[in-house]
Amino acid sequence: MDQGSIARILKQVSGGEDEIQQLQKALLDYLDENTETDASLVFSRKFYIAQWFRDTTMETEKAIKSQKDEDSSEGTHHAKDVETTGQIMHRAESRKKFLRSIIKTAPSQFSTLKMNSDTVDYEDSCLIVRYLASMRPFAQSFDIYLTQ
């Protein structure tokens, strides 16, 4: 991954959200801008929103399950684990809120909320997709699957 380009995109996008959310917003803006030239981008945009929402839900469920498993096996509460789970839950809720706001916004209204149209081009959008895909659980554990 070209970390320099990712940093440049994040600097151009600038926002209060976390890095993943900024990249998601940049990619959704790019897809929204180019739907007139390629109708399949409408489907791609909806697919990414649905997939990210699902990923966030799965991450939350895993955090809750791991917390319950640790509590039942050890019988004690670790403040550090609770804090980590709380942070995961907070981050997941903020991502879900962001994705819900994108879903509820009509395409015509979304164009007024866009960033500069020259922020992300085709190459940058490909890089964002590769970077976000590398953050998914399967991509992170791909070496384990190959070894097995």
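Because the structure is a prediction, the values reported are computed rather than measured.
A 4.5 Å side-chain heavy-atom check between K46 and I103 finds every atom pair outside the cut-off. Taking 4.5 Å as the limit, some side-chain heavy atom of R8 sits within range of a side-chain heavy atom of Q12.
By the 4.5 Å side-chain criterion applied to Ile, Leu, Val, Met, Phe, Trp and Tyr, M89 is assigned to a cluster that also includes I64.
No chain of hydrophobic side-chain contacts below 4.5 Å, direct or via other Ile, Leu, Val, Met, Phe, Trp or Tyr residues, connects V120 to V42. Side-chain heavy atoms closer than 4.5 Å link hydrophobic residues (I, L, V, M, F, W, Y) into clusters, and following such links, even through other members, never connects M58 to L132.
When only modelled atom types and interatomic distance are considered, Q51 and D55 share a side-chain donor-acceptor pair under 3.5 Å.
Rounded to the nearest 0.5 angstrom, T60 OG1 and R91 CZ are separated by 9.0 Å. Distance CG/D18 to CZ/F98: 9.5 Å, rounded to 0.5 Å. Rounded to the nearest 0.5 Å, atoms OG (S5) and CG (L10) are 11.0 Å apart. Rounded to the nearest 0.5 Å, atoms CD (E19) and CD (Q22) are 7.5 Å apart. Distance check: Q21 CD to L23 CG gives 10.5 Å after rounding to the nearest 0.5 Å. Distance check: L28 CG to R45 CZ gives 5.5 Å after rounding to the nearest 0.5 Å.
Closest non-hydrogen pair, S44 versus L31, comes out as C-CD1, 4.3 Å. Contact detail for T56 and A92: the closest heavy-atom pair is CG2-O, 3.3 Å. Annotation for I128 and A26: closest pair CD1-CB, 4.0 Å, computed over non-hydrogen atoms.
Checking side-chain atoms of N34 against main-chain N and O of T37 turns up no donor-acceptor pair under 3.5 Å.
Residue pairs satisfying the ring pair (Phe, Tyr, Trp, His ring centres under 6.0 Å) criterion with at least one member in residues 49-69, sequence neighbours excluded, are listed as follows: Y48-W52.
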